[in-house]
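A quick write-up on the structure given underneath.
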Amino acid sequence: MIATDELMFQAGIIMLVAFIGAAIASKAKQSVILGYILAGILIGPYIYFEIAGFTYDGLIKDTEFVGLLSNFGLILLMFFVGLEFSISKLKRTKAPAIILALMDVGIGMFVGILIGFSLGWPIVDTIFLAAIISMSSVAITGKALQEMKSISGKESEYILGMVIVESFISMVLLTIAGGLMFESDTEGTNLPSLIIGILAFYSFFIFLAIVVIPRVVKYFEGIKSNELFVLFALGLVFLSAALAEVAGISSIIGAFFIGMVFAETKLADRIADRITPFRDALVAVFFISFGMMIDLNMLGDIIPILIVAVPATLFYEIIMIALISYMLGFTAKASVFMGTSNTGRSSEAVMYASVASSSPAVVKGAEINPFTGVFCFIMSSFAPVLMKHSDSVTKFLTKITPRFMRYGGSLINRTMNKIIFPTSLKLFERTRRLEALLILYLATLVALMVMPFPYSLAVFIIGSAIVVVTYLTLEADLFNVVRTTNFENLGVVTTDPGHISRFISGFVCLSLVTIQSIALLFSIWWMSSLIILVSYFVIIMWMTRSVYRLTRTPHFNITAKPVKRRQPKKKQKPFQPNFQAPTPRPDPGWDLEPPVPEPASEPLATSEPGWDLAPPEPKIGAGQDDEQFTPETPTKARKPKTKEKVQGTVAETEVDDSKWNRL
């Protein structure tokens with residue numbers, strides 16, 4: 001047992017050194033977490049150096065008391081992480097944040113597992129190493145966004161939503177890892193009982209959140225005394241942690257879930273306001289304690305791991321996550337900014353390392369602690385710099401990317417933007433059938449990871465059938481979206497939307513099949529995953545090159561074979577302008593219609609005056625003078641009359657002659 005004077009000395013040294021480390025880190029514009037860790041290294045039992053005959057081997061040798069305080073700090077830290085996990089915050093980000101969080105954690109875990117298997121580490125140690133590599137830092141990301149004055153930006157909402165989802169995923173992974181450690185300490189791993197225990201633990205907290213807390217929270221709100229309220233809140237936190245320990249799960253998971261239960265209540269702000277001073281002091285002790293556990297003599301052993309882990313993490317965060325963000329519909333600059341913002345590592349990684357080093361089931365605990373400290377220091381130093389220069393990174397990546405790859409990415413970007421992001425003009429509505437297929441796919445993927453080989457092959461066949469149905473469903477839905485999307489400035493010359501919809505559906509489903517293949521063959525031969533990935537990227541490049549030549553280059557588009565076009569689900573009439581030509585109105589005096597041919601008329605009677613249109617021939621007879629009749633020139637040409645009128649005129653002339661003869 002530690003003496004009272006030694007106890008007070010340790011408490012005073014820890015608090016003063018924590019203050020100095022945080023002040024220096026703040027002046028250097030770094031996270032205070034790094035200052036705490038460095039301060040812990042300087043006062044810990046593993047430091048030793050000699051200068052001019054002076055030997056220094058640390059200030060604190062017995063870490064039992066510090067370890068006890070650090071456990072309280074870690075429990076309160078995870079309680080506040082759960083208290084910030086709000087479903088209402090995720091409603092603004094919805095699908096993009098969830099998809100990006102799953103992909104970020106999934107790719108990071110895969111990279112970490114590859115590194116662990118290549119080093120020959122046991123499965124439990126490998127899981128903890130993968131979790132340390134994959135978990136982004138909420139503190140580093142939030143602080144960098146505040147310094148850049150981008151905390152209210154559109155991309156920042158998705159970044160923070162993604163980090164919140166990652167916190168929940170980290171607790172699920174830690175639950176599984178804690179169960180594996182618990183089983184390893186006893187009689188061996190029993191996966192079905194582990195899964196049942198985890199589900200029972202989650203079900204209890206879901207019951208609290210849905211049934212119990214909404215009915216009793218009004219009684220808690222009636223506590224007027226702040227002293228009583230603080231005691232009530234701390235009692236709930238530590239009792240939940242104890243319940244998790246009884247269930248064979250890490251205590252911090254219980255603290256996280258009780259915080260998540262109260263996140264949607266009116267008590268959340270009051271709890272955070274009253275318990276924050278306790279959290280700040282004890283969390284500082286936790287990071288100091290972690291720094292004290294770092295053995296600097298192990299740096300030579302962890303340098304090879306760092307040489308592989310740091311570039312691999314930077315690659316998948318800056319390149320892979322940025323690429324996935326771009327294909328979900330974000331702009332190129334926003335995608336790279338989101339990728340660089342996830343490069344920081346701090347409290348979440350330290351939490352995993354602390355749990356791993358304190359467990360007897362972890363063999364490599366002595367290497368995990370120094371690796372985590374140096375890894376967090378390097379990544380947290382890179383994160384703010386990369387975020388500030390994300391525009392330059394975007395220009396560089398755009399410059400080195402081939403043209404046909406940029407073209408294929410733009411097709412996916414514009415199409416998926418109409419599907420993923422909410423908009424007032426609903427061109428696409430996700431069907432329940434497609435969502436059900438994705439849920440079934442995730443279920444088969446989990447079954448592939450936990451089942452032995454003969455059974456996993458049958459699950460793989462079922463999953464492949466689900467992927468085929470998903471392709472047909474997605475292609476039918478995307479066809480109508482592509483028809484209404486404007487691709488003109490990309491140089492698209494095809495008249496068939498089926499070329500683009502089939503390309504996007506094939507890309508998505510090929511990715512799903514690749515993930516399934518890796519899950520199936522990894523347990524048999526882990527090197528096969530690298531071969532599968534290389535094959536995947538080769539096929540993707542071939543598909544992108546083909547759609548580039550088929551839909552953009554006129555020569556190949558003309559010579560392409562005709563495809564059977566799919567009819568839209570709802571027949572819509574094409575747009576036809578309601579245009580009516582005006583009625584023709586001929587100008588007066590102009591004959592716009594062809595003249596009607598006139599029939600030949602009979603010879604007119606010469607006795608009728610006015611009808612001799614030509615001068616008559618001179619008549620020579622008895623009793624008449626030889627006179628020549630010269631008619632007057634008519635002033636207006638008369639229109640010839642029709643045949644009926646001429647005949648009527650002749651008959652009338654004969655009647656008049658007979659009248660004159662009778663007279």
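What you are looking at is a predicted structure, and each value in this text was computed from that prediction instead of being measured.
Judged by distance alone, the side chain of S118 and the main-chain N or O of L114 form a donor-acceptor pair under 3.5 Å. With T340 contributing its side chain and F337 its backbone, the two residues share a donor-acceptor pair below 3.5 Å. Proximity of a side-chain donor or acceptor of S335 to a complementary backbone N or O of Y326 within less than 3.5 Å is detected.
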Exercise for review: Please lay out, stage by stage, how F382 and L314 fare under the test side chain to side chain contact (heavy atoms under 4.5 Å, CB included).
Suggested key: CA-CA 9 Å; F382 280 159; L314 292 175; 4.0 Å; yes
Check your understanding: Should F19 and M15 be marked as a side chain to side chain contact (heavy atoms under 4.5 Å, CB included) after you check the CA-CA gap, both sets of side-chain angles, and the distance that decides it?
Key -> CA-CA 6 Å; F19 165 74; M15 296 303 173; over 6 Å; no
Practice item. Apply side chain to side chain contact (heavy atoms under 4.5 Å, CB included) to the pair F79 and S240, showing each step before the final yes or no. Key: CA-CA 10 Å; F79 171 73; S240 301; over 6 Å; no
Check your understanding: Could you walk me through whether I515 and Y441 pass the side chain to side chain contact (heavy atoms under 4.5 Å, CB included) check?
Key -> CA-CA 11 Å; I515 296 173; Y441 171 79; 3.5 Å; yes
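Taken to the nearest 0.5 Å, the CD1 atom of I123 stands 11.5 Å off from the CZ atom of F128. Note that the CE atom of M320 and the CG atom of D104 stand 11.5 Å from one another [nearest 0.5 Å]. Here NZ of K364 is found 8.5 Å from CG of L119. Values are rounded to the nearest 0.5 Å. Once rounded to the nearest 0.5 Å, the distance linking CG of L42 with CD1 of I20 reads 10.0 Å.
Using bins of under 30°, 30° to 60° and over 60° for the plane-to-plane angle, the ring pair W526/F117 lands in the tilted bin. Ring geometry for F232 versus F229: interplanar angle of 30 to 60°, hence tilted.
Surrounding CZ of F522 are more than 12 heavy atoms belonging to other residues, nucleotides or ligands, all under 6.0 Å away. Within 6.0 Å of CG in D269 there are 12 or fewer heavy atoms belonging to other residues, nucleotides or ligands. By the 6.0 Å contact criterion, CZ on F238 is enclosed, its count of non-hydrogen atoms from other residues, nucleotides or ligands being greater than 12. No more than 12 heavy atoms of other residues, nucleotides or ligands shown are found within 6.0 angstrom of OH on Y46.
The nearest pair of heavy atoms linking Y56 to L59 is OH-CG, 3.5 Å. Nearest heavy-atom pair across A263 and G82 is CB-O, 3.8 Å. In this structure, A353 and T372 approach most closely via the heavy-atom pair CB-OG1, 3.3 Å. Looking at every heavy atom in both residues, P370 comes nearest to M298 through CG-CB, 3.9 Å. Nearest approach of A233 to I275, heavy atoms of both residues: CB-CD1, 3.4 Å. Of all non-hydrogen atoms in S341 and M338, the two that sit nearest each other are OG-O, 2.8 Å.
Between L267 and E221, some side-chain heavy-atom pair lies under the 4.5 Å cut-off. In this structure the side chain of N226 reaches within 4.5 angstrom of the side chain of R270, judged on heavy atoms. Side-chain atoms of I115 and W121, non-hydrogen and from C-beta on, never get closer than 4.5 Å to each other. Contact check for Y158 versus S325: no side-chain heavy atoms found under the 4.5 Å cut-off. In this structure, F257 and L208 have side chains that are not in contact, with every pair of non-hydrogen atoms separated by 4.5 Å or more. Residues T313 and T343 are not in side-chain contact: their nearest non-hydrogen atoms beyond the backbone lie 4.5 Å or more apart. Residues L100 and N342 have side chains not in contact (no heavy-atom distance under 4.5 Å, counting atoms from C-beta outward). V362 places none of its side-chain heavy atoms less than 4.5 Å from the side chain of V355.
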Contacts under 3.5 angstrom, residues 67-77 side chains, donor-acceptor by atom type, not counting sequence neighbours:
residue: S70; atom: OG; partner: V66; partner atom: O; Å: 3.4
residue: S70; atom: OG; partner: G67; partner atom: O; Å: 2.6
residue: N71; atom: ND2; partner: G67; partner atom: O; Å: 3.4

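With sequence neighbours excluded, no residue forms a side chain to side chain donor-acceptor pair (under 3.5 Å) with N369. By the side chain to side chain donor-acceptor pair (under 3.5 Å) test, Y316 is found to be paired with R345, residues two or more places apart in sequence or in another chain being considered.
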